[in-house]
Number of protein chains: 2
Amino acid sequence: MVTIEDVARAAGVSKGTVSLVYSGKRPISPATRARVLDAAAELDWVPSSRARALATRRSQTIGLVLARDPEIIATDSFFARFVAGAESVLATRSMGLLLQVVSTPEQERDAYRSLARGRADAVILTDLLVDDPRPALLADLRLPAVVVGASPDPAPHPRVLSDDRAAVRDVVDHLVGLGHERIAHVSGPAGYVHGHDRRAAFVDAMAAHGLDPALVVEGDFSAQSGREATARLLDADDRPSAIVYANDVMAIAGLNHAQSRGVRVPDDLAITGFDDIELAAHLTPSLTTVQTDVVSWGRRAAEVLLRHLDGAVPEDAWIAPSRLVVRESTAGAPAART
Amino acid sequence: MVTIEDVARAAGVSKGTVSLVYSGKRPISPATRARVLDAAAELDWVPSSRARALATRRSQTIGLVLARDPEIIATDSFFARFVAGAESVLATRSMGLLLQVVSTPEQERDAYRSLARGRADAVILTDLLVDDPRPALLADLRLPAVVVGASPDPAPHPRVLSDDRAAVRDVVDHLVGLGHERIAHVSGPAGYVHGHDRRAAFVDAMAAHGLDPALVVEGDFSAQSGREATARLLDADDRPSAIVYANDVMAIAGLNHAQSRGVRVPDDLAITGFDDIELAAHLTPSLTTVQTDVVSWGRRAAEVLLRHLDGAVPEDAWIAPSRLVVRESTAGAPAART
DNA sequence: CTGAAAGCGCTTACAG
DNA sequence: CTGAAAGCGCTTACAG
């Protein structure tokens, strides 16, 4: 293996000089610089990231630990887009993203400990639980972090935030504007901060219109749960005329279940989703939903972290607010497809 | 930061002994072992992976470079499940998965070069192109690799394979058994080996029944392309009575487009997908498709790679064959939902 | 079974 | 602007 030593010898300089040419931490004369670069190119040398990591105490890696069921991860579609967004920023600094999927709290703890012991310089926290133990754990491990989405105040870590409350309110306003009064909500898991918050936002929005926000069924973001929740709502005596789902997958499953029972959408039942996955625009009827820019979430999270690592005081970042996209599942008329 | 030095001192042994306790590469007396472990626990010490990486020339990391558009990655659902499968195996050996998303061939080359220079011990190759330059590049970089899915023979790297051809043949047989003769195919991108292979399998299966396999439209796995391909097929004079899609997302978009034109599924048009994403079972009609066990793909890929790194002669691994799942979109009768 | 020491391939004060 | 040398925190022959 060719090392910095070989390059230094070939260029007739010291190892330190070669290093400086690459880090740019101190001025190097153009002539020397050229000789070093030529030698490196000649020998096809690239600095070893392992050695560099040890010497600098930086691994140039961001950790992401996911504690979700693989199937949920898959259908949620959040994951892939988020990762792509984060990567697009990290790549500009040749930083990597180290992924870890865990299934027990012990595995999760171990994962963060191992990241803290040199595998990662910082981590991204997603899917915060109500009373999540991770922020404290990371503070304990002195591992810099950014929290994606809502987190309890005061936050020990900088956050990337978006105003979901406003989006939920827009959805409810839209339905009320169409004349709906019996509006139900199929929520995400209540243990999660985002599920909890969207649900609270729904309750508030209903209350603002003087409507009863009692029709809430808890789902888990899976198609299965969307279908079951819908069945329960449609079986009830006080059947709703509209259902607000916490994600598109549950909404699509609900929409199809309703149709299979002969319930017409949107005539008998209006339906809204959340996420705006690609399929949403290609259904019959197409799905009214809330567009979230997940790629931007990933990008911003990476930016906040990099700035943090650069020594800046960590600051929260805001994402452009989620946008209501009205389509046929609430509008009735064959609206333009987005 | 507490180091192996501190632990050695506290336990009254040499650094080498501490190291040996953890690696188990040589026998250590129970008494010494206990003293070391106690000291480590007391000091809350875990070996630094950075230092270990340099000393062992192993980073305990597998690389995965994705050259796809983030949106395609997201909807394909392959990615998240595959990663979860791979991770479940890597975690047992405390190995990490380093992710990289690139958008240009240059970025891709750089990504593999940087992985080869110490960031990863091996890589997983997915989505092989017809005439893919990567196998040669990796051989050049001496970076061990496993190829997921079909790859040209003879393969320079071990592969994880599954018999897609049989699955496509099952689909065609199923449709022919229902009396269909004008069967169309909406394929994946022809530049990809898997897209290419499934398409070839379709052509062969049709030929085996003495049917004309000319009705093939190329898609790109997105809902958008599924919809457009379907529109073209339904607009044609020789409209097919069945369409075989190369993935579920295109099939779902196609199904909904057909319905929006008043084409009844399955009465006027039978539809089949590929993947069996969670939504497939929750549509109206539910989608006949081919179930692929993507989590197993990830698991097997990781296993092959680990065995390779352990010094075993690399060998191809086979995944249980994909299975046809018959549902309402071809059966007509309200079949049992899976 | 254990210790002392060299080495992994870089970076970074310190001197000049 | 450049060099010599120590140091990052482990692992692993080599000796005993």
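Here is the naming used below: chain letters follow the sequence lines, and residue numbers restart at 1 for every chain.
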Quiz item: So among V304(A), V65(A), I62(A), which one has a side-chain contact (heavy atoms from CB on, under 4.5 Å) with I124(A)?
Solution: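 The option that passes is I62(A).
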Quiz item: side-chain contact (heavy atoms from CB on, under 4.5 Å) with Q100(B): which of L115(B), D110(B), L64(B)?
Solution: L115(B)
Contact under 4.0 Å: [X] side-chain N or O vs [N] OP1/OP2:
X: S29(B); N: dT2(C); result: yes
X: T3(A); N: dG9(C); result: no
X: K25(B); N: dT12(D); result: yes
X: S48(B); N: dC10(D); result: no
X: S19(B); N: dT11(D); result: yes
X: S14(A); N: dG3(D); result: yes
X: R35(B); N: dC1(C); result: no
X: T32(B); N: dT2(C); result: yes
X: R52(A); N: dT11(C); result: yes

Students often get this wrong, so: under 4.0 angstrom with heavy atoms, is [X] touching a base, only sugar-phosphate, or nothing?
X: L54(B); result: base
X: V13(B); result: sugar-phosphate
X: R117(B); result: sugar-phosphate

Quiz prompt | Pairing of E303(B) and R300(B) as salt bridge, 4.0 angstrom limit | solution = yes
What is the distance from [atom1] of [X] to [atom2] of [N], rounded to the nearest Å?
X: R26(A); N: dA4(D); atom1: CZ; atom2: P; result: 14 Å
X: L20(B); N: dA5(C); atom1: CG; atom2: P; result: 17 Å
X: Q60(A); N: dT11(C); atom1: CD; atom2: C1'; result: 13 Å
X: R9(B); N: dG9(D); atom1: CZ; atom2: C1'; result: 13 Å
X: I4(A); N: dT11(C); atom1: CD1; atom2: P; result: 5 Å
X: K15(A); N: dA13(C); atom1: NZ; atom2: P; result: 16 Å
X: R50(B); N: dC8(D); atom1: CZ; atom2: C1'; result: 9 Å
X: Y22(A); N: dG9(C); atom1: OH; atom2: C1'; result: 14 Å

Quiz prompt | Most 5' of A31(B) and R57(B) on DNA chain C, judged by nearest nucleotide | solution =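 Result of the comparison: A31(B).
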Exercise. On DNA chain C, check which nucleotide each of S23(A) and G12(B) is closest to and give me the residue with the more 5' one.
Key: G12(B)
Quiz item: Which atoms form the tightest heavy-atom contact between D127(B) and R134(B), and what is the distance?
Solution: O-NH2, 3.3 Å
Practice problem: Find the distance between CH2 (W318(B)) and CZ (R159(B)) and round it off to the nearest 0.5 Å. | Solution: 7.5 Å
Quiz item: What is the base-pairing partner of dA15(C), counting Watson-Crick and G-U wobble geometry with both distances under 3.5 Å?
Solution: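 Base-paired to dT2(D).
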Quiz item: Between T104(A) and E108(A), does any side-chain donor sit less than 3.5 Å from a side-chain acceptor?
Solution: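 Looking only at side-chain atoms, E108(A) and T104(A) do not form any donor-acceptor pair under 3.5 Å.
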